[in-house]
Amino acid sequence: MPERFEQVLLPHIDAVYNLARWLIRSPADAEDVVQEAYLRALQFFDGFRGGDSRAWLLKIVRNTCYSWVGKNRPAEFSDEFDEKVHSGESLGEDVEAKLVSRAESLCVRKALGTLPVAFREVLVLREIEGLSYKEISDVTGVPMGTVMSSLSRARQRLREELRAHTGKGV
Amino acid sequence: MDCTLDQHLLEGYLDGELGFEGTLEVEAHLASCRGCASEVQSWKDVGGVLQRSDLYHNAPASLEEKIRTLAPRQNRSERFPWFQRWIWAGGWSCICDGRAADYLSDIASRGSFGGAGSRNQPRSLADAKSPNGCYLDRPAHGVALVRWKA
């Protein structure tokens, strides 16, 4: 089994670590969580009947991250999206152009890092990992319609954050 | 934006999730709706920023090495199947040894295979002498032996 375990699950270590880093936001803690997730995967590997191993592993990592956040940073779960604060109004074309021209890597990282964990998760899975709606639904365990609405709200929130950062001259 | 097109359709279009007919439908709409076209373009710009921003965290090589060591540690018995086999063999040996000792003890106490019933079994080694001169030599540990008195 160790050989098969390595062949099937180890190639996804970058995806796993990337998700953990964005959800945990601490390199050392993310490494611990990834190790714990791989241990869990090893325990349940006999029950894995083939299919999308990346989605299967990401689901385990995601659950491990949520357990870690719930235990160590429970306040993060209460950081919900505030519809009143973030009205979602459309931005003018000139502002968008300004945003695109001025947004730098640090600014985007900061904006993404300020989002609630659920929004970060869905954006990372879609925009960085390139998962389809169906795959995100499998990983997060929510219906596809919920994935779509979460993604839409997360993007709206990210755009607001980006605008706020560029407005401050970041 | 004045049009009533569902925002999710635009995002589904951007994400390539609509399929052929849905994509054609949205493209036809974008051709005639300046507001939606502008919205799609702004999302493309934001997506481009995300793509250019190098947001991916690659796993450190040391982490991969640590995880490689997890599998053998969890499956030591598979790496050393002989070890597992010896444990089983030892266990069965103990069970068989105990049963054999009880059986021999029973024979010794009765003096023969078809002798007296077990109700008259001796309580001590001294009582275990049988009429045909054999007795049970059963040490604290080890294999019980049936010896014949010279």
Side-chain angles (χ1 to χ4, degrees), chain A residues 1-6 9-10 12-22 27 30-31 34-35 37-39 41-43 45 88 90-93 95-97 99-101 103-109 112 123-124 126-129 132-134 144-145 148-149 151-152 155-156 158-159 162, chain B residues 1-3 5-19 22 26 33-81 84:
Chain A
M1 189 173 79
E3 291 78 17
R4 185 167 170 257
F5 177 82
E6 285 189 13
L9 298 185
L10 216 51
H12 305 306
I13 189 170
D14 283 334
V16 164
Y17 179 73
N18 183 51
L19 180 61
R21 268 296 299 269
W22 278 110
E31 282 196 34
V34 168
Q35 284 190 70
Y38 266 97
L39 266 177
L42 189 58
Q43 284 172 351
F45 192 59
S90 184
L91 305 174
E93 286 179 52
V95 180
E96 295 292 343
L99 162 73
V100 172
S101 64
E104 293 175 0
S105 176
L106 186 64
C107 168
V108 179
R109 281 174 182 270
L112 191 54
L123 278 174
V124 167
R126 173 63 215 167
E127 301 291 350
I128 303 178
E129 289 297 337
S132 67
Y133 291 174
K134 173 72 171 59
M144 274 178 60
M148 290 171 70
S149 58
L151 194 53
S152 179
R155 281 171 166 158
Q156 197 68 41
L158 175 67
R159 195 158 67 169
L162 285 171
Chain B
M1 203 161 56
D2 296 330
C3 88
L5 188 74
D6 189 352
Q7 174 82 18
H8 291 162
L9 272 179
L10 286 184
E11 295 192 36
Y13 167 74
L14 283 169
D15 292 329
E17 294 271 354
L18 293 187
V26 172
C33 180
R34 190 171 173 272
C36 284
S38 171
E39 185 77 356
V40 164
Q41 187 55 48
S42 79
W43 280 121
K44 282 184 177 174
D45 292 341
V46 173
V49 170
L50 287 171
Q51 295 300 319
R52 288 194 302 271
S53 296
D54 189 25
L55 299 172
Y56 207 93
H57 294 287
N58 286 304
S62 60
L63 179 62
E64 189 172 336
E65 284 305 310
K66 285 177 190 169
I67 288 169
R68 274 183 201 283
T69 63
L70 292 179
R73 200 185 306 157
Q74 286 291 306
N75 295 282
R76 187 161 294 176
S77 61
E78 290 187 13
R79 285 177 64 198
F80 303 105
Q84 210 172 24

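Heavy-atom basis, side chains included; hydrogens, waters and symmetry copies ignored. Every chain is numbered from 1, with letters handed out A, B, ... down the list of sequences.
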(message) Using heavy-atom distances under 4.5 Å, tell me whether A:A15 contacts chain B through its side chain, its backbone, both, or neither.
(response) both

(message) Heavy-atom pairs under 4.5 Å with chain A - which of B:G12, B:P60, B:G48, B:G47 has more of them than the others?
(response) B:P60

(message) A side-chain contact here means heavy atoms from C-beta on lying under 4.5 Å apart; do A:I128 and B:L50 qualify?
(response) no

(message) Please verify the inter-ring angle class for A:W22 with B:H57; under 30° counts as parallel, over 60° as perpendicular, anything in between as tilted.
(response) tilted

(message) Counting only non-hydrogen atoms closer than 4.5 Å, does A:L112 touch chain B with its backbone (N, CA, C, O), its side chain (CB onward), both, or neither?
(response) side chain

(message) Given heavy-atom pairs under 4.5 angstrom as the criterion, report whether the side chain, backbone, both or neither of B:E64 touches chain A.
(response) both

(request) Would you mind checking which part of A:L10 comes under 4.5 Å of any heavy atom in chain B, side chain (CB onward), backbone (N, CA, C, O), both or neither? (result) side chain

(message) Nearest 0.5 angstrom please: A:S149 OG to B:Q7 CD, how far?
(response) 12.0 Å

(message) What verdict does the side-chain contact (heavy atoms from CB on, under 4.5 Å) test give for B:I67 and A:L9, after you've listed the backbone C-alpha separation in whole Å, the side-chain angles of each residue and the deciding distance to 0.1 Å?
(response) CA-CA 10 Å; B:I67 288 169; A:L9 298 185; over 6 Å; no

(message) Below 4.5 Å, heavy-atom pairs only: which of A:R126, A:M148, A:E129 has the largest tally toward chain B?
(response) A:R126

(request) Dump the intermediate steps for salt bridge (charged side-chain N to carboxylate O under 4.0 Å, His left out) on A:E31 and B:K66, then the final yes or no. (result) CA-CA 10 Å; A:E31 282 196 34; B:K66 285 177 190 169; 3.6 Å; yes

(request) Carefully, step by step, assess B:D15 and A:R155 under the rule salt bridge (charged side-chain N to carboxylate O under 4.0 Å, His left out). (result) CA-CA 12 Å; B:D15 292 329; A:R155 281 171 166 158; 2.7 Å; yes

(message) As an exercise, state the distance from OH of B:Y56 to CD of A:E127, rounded to the nearest 0.5 Å.
(response) 14.0 Å

(request) Look at B:H8, B:E17, B:Q51 and state which one has the largest set of heavy-atom pairs under 4.5 Å with chain A. (result) B:E17

(request) With the side chain counted from C-beta on, respond yes when B:N58 and A:N18 share a heavy-atom pair under 4.5 Å apart, and no when they do not. (result) no

